[in-house]
Engineer: 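So that we are looking at the same thing, I have put the structure below in structure tokens.
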Amino acid sequence: MSLCKTRLQEERKQWRKDHPFGFFAKPCKAPDGSLDLTQWTAGIPGKAGTLWEDAVYPITISFPEEYPSKPPKVKFPANFYHPNVYPSGTICLSILNEEQDWRPAITLKQIVLGIQELLDTPNPDSPAQEPAWKAFSKDRTMYDKKVKEQAKRYVNAG
Amino acid sequence: MARDTYLKKVLGDECFGRVQRTRVVMVGAGGIGCELLKDLLLTGYGEIHIVDLDTVTLSNLNRQFLFRKKDIDKSKSLTIAKAVQSFNYFGAKLVPHHGNIMDTNQFPLTWWSQFSYVYNALDNLEARRYVNKMCLFLKKPLMESGTTGFEGQIQPIYPYYSECFDCQAKVTPKTFPVCTIRSTPSLPVHCITWAKEFLFHQLFDESEISSMNNEEQIRNETDDVQEKENLAKEANELIDLRNQIKGLDGSAFIESLVVKIFQADIERLLLIDTLWKSRRKPIPLNFNALSTELQQLLHAKNNIISTDTKVWSVLENLFVLYKSGVALQSRLKSGKESFVSFDKDDDDTLNFVVAAANLRSSIFGIPLMSKFDIKEIAGNIIPAIATTNAIISGFSSLNGTKFFKHDYEQTGSVDFSPIVKESSTVFISIKPNKYITAASLVSPNESCPSSSLLSRGIMNLTNQELQENTLRWLVDELVKKYGYEDGDLSIIVGKSRLVYDVDFDDNIDSSLSELSGFEDGDLVLIQDENDELENLELYITVVNEPTTEKLPNIQLREKKAIKEKNEDEQGDSTIENNTNQDGTTMVIIEDEEDTDLVMIAEPASKKRRIAGEEYM
């Protein structure tokens, strides 16, 4: 629908004009050489001073046809280590959930900032994977170690 | 007395004369279409085109009165055009088209441009949106109509002068996640979907792969390894059972089916702790405990199966499942049918789905429903009522014919402001005092994606021009013609593919024919990245001879100016939104120049549903 495409181009424009430092976001190239505005890749930098610092974590964002009535689906790579990320990489975040806090006015910038925030402040009440959630609630040393190991793998990402 | 005496009195000689010289199109020849065609014909329209892609089915016959049993499986548009000939008193020329209105080959823009007025009699959102868009492109007046049960509405649409179909957001139909259906149902509709889309489909239908067993979708939804394994196992066992259907005798088949789906599968689900942390646990069916009673029921004379408004007990549902399951099994065994598809009018299939859905509901502590109510949900039926269709069609043709009191045809004017003042949206319902409510037309919604801040036009190119001209040429032409500052524009083709903006010029030297999205009938969206000019939507038309004016001769308005104008206009009337205690929203439109108070007291969501989706 036309609302979806005008809004997506608007998001692209706004992002170009102003986006938070250290982040990137771009639509994917379709096989025919055009840019598919419904499929984006983006990078989320870990906040300085946290376990997640010095790395940029890649995500994919897919916008459904009903966007912005319905939220985009945002994923880290599969098996990403975080209590609120499903093994498939899908991020469990209230602002990305249609039944919860998604509002059509939420922008791409707000989404990526929300995800950056989630990295260091997981929500233990909505576990999405066993390993990270268990470690986070019961074995913090192990959790910290795993997160730092993961950060090393994404140092050069983006 | 001549047949047109009264028509002339009512409409006036002039208006009636125009109607007789007019060519209109009616899109849709179903519930509303049958009623509406009769009305249009008896109003005296000179030429009526009828478009429908559907064929007549049995369930249409109770209300689509122009069809008979002998017409089943025949094209609706062709049949309807023949059916009205017996009362074609004014000698209207009827032109039926069997096809999809969204097919740009069969119905190119040039085809659309021959009509003076478009009557919609559609049953789905997608086609409505498409027709709305075509009418906006060509500035054709459109009469939109729809019914659900006792409720219905008409909405005259005068492009850019009144709200278009997209000005009010429509609710998109809700879909259920597969995992809810397969593992954790909580509503009757979940169990009905399970029975119809999964169980019935996997057991009896053509392909063994149902949408409820889509691995990819399941993977996206759940990450619980145990749950996924379980879902796969459940489905595989069902396939095993399907393969045995013809070899087993009736009672053995039913017993293994019931024990598997209502006992073993549920017991296995119970083992997944995480599912039941915050949910009520299901209780497996105890088949052994019920089998004696079931046998008694099977041997007694019993016609519970034909009572469709009573809610059956668990035992009765089991009985119906047995009866219908065995019936379906023997149909497959007989070899006459190699598979059976769900059809709400095929009683074996409906009974099976009703009983299976209810048995599953009882296991999950969900209320059971009657066959009648389940049929409505499983068959995606919202009761269609002939009288509602007749009333709505009456309003549709009466309101539409008003257009011909004006001389738009001769003048070619598209200033619709006079007719907008005379037209109204009409709602009908069964609520006392609100049988009929009317509301005057309002200006297009400022934030409407289809009719606000957007101009439309046709771009005429020959095939050779498409091959010779590059994207750079198009950008230059657009800048020259419409004056985009710094050439800062973006071009989007298809649903959402960006081919150009200042940050993306990879394709700048490709010819238009190399880029997909510039074929005959394609839509191209141009936006001003500086946000000063309104958006432009181009309809690509491939012509045989090169034209001097390739881009439409229009002046793009400044966004700022449009916004200011809209604000001024809205100063005249105030719209209040109050929510009543009964949950209905009252929209009161007070017009200071006119003391009429218009009240629409439909629940806001319902109103949108009527406009959006309706089943005739």
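Quantities reported herein were computed from a predicted structural model and do not represent experimental measurements. So you know, we letter chains A, B, ... as the sequences are listed, proteins then strands, and number each from 1.
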Engineer: According to side-chain hydrogen bond (donor to acceptor under 3.5 Å, both in side chains), does anything in residues 501-521 of chain B pair up with another residue at least two apart or in another chain? List the pairs.
Structural biologist: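 Sorted pair list: A:Gln9-B:Asp501, A:Arg12-B:Asp501, A:Arg16-B:Asp501, A:Lys29-B:Asp506, A:Asp32-B:Ser516, B:Arg472-B:Asp509, B:Arg497-B:Ser516, B:Ser511-B:Ser513, B:Ser511-B:Glu514.
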Engineer: Measure the NZ-CG distance between B:Lys495 and A:Leu8 for me, rounded to the nearest 0.5 Å.
Structural biologist: 13.0 Å
Engineer: Is there any side-chain hydrogen bond (donor to acceptor under 3.5 Å, both in side chains) pair reaching into residues 131-146 of chain A, and which pairs are they, with sequence neighbours excluded?
Structural biologist: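 Output for this query lists A:Glu130-A:Lys134.
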Engineer: Roughly how far, to the nearest 0.5 Å, is OG of B:Ser490 from CD of A:Glu10?
Structural biologist: 9.5 Å
Engineer: Among B:Val499, B:Ile492, B:Leu498, which residue forms the greatest number of heavy-atom pairs with chain A at distances under 4.5 Å?
Structural biologist: B:Leu498
Engineer: With a 6.0 Å cut-off (strictly less than), is the heavy-atom count around CD of B:Glu126, excluding the residue itself, greater than 12?
Structural biologist: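 No, CD of B:Glu126 has 12 or fewer neighbouring heavy atoms, counting only those of other groups under 6.0 Å.
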Engineer: Using heavy-atom distances under 4.5 Å, tell me whether B:Gln527 contacts chain A through its side chain, its backbone, both, or neither.
Structural biologist: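 Only the side chain of B:Gln527 comes within 4.5 Å of chain A.
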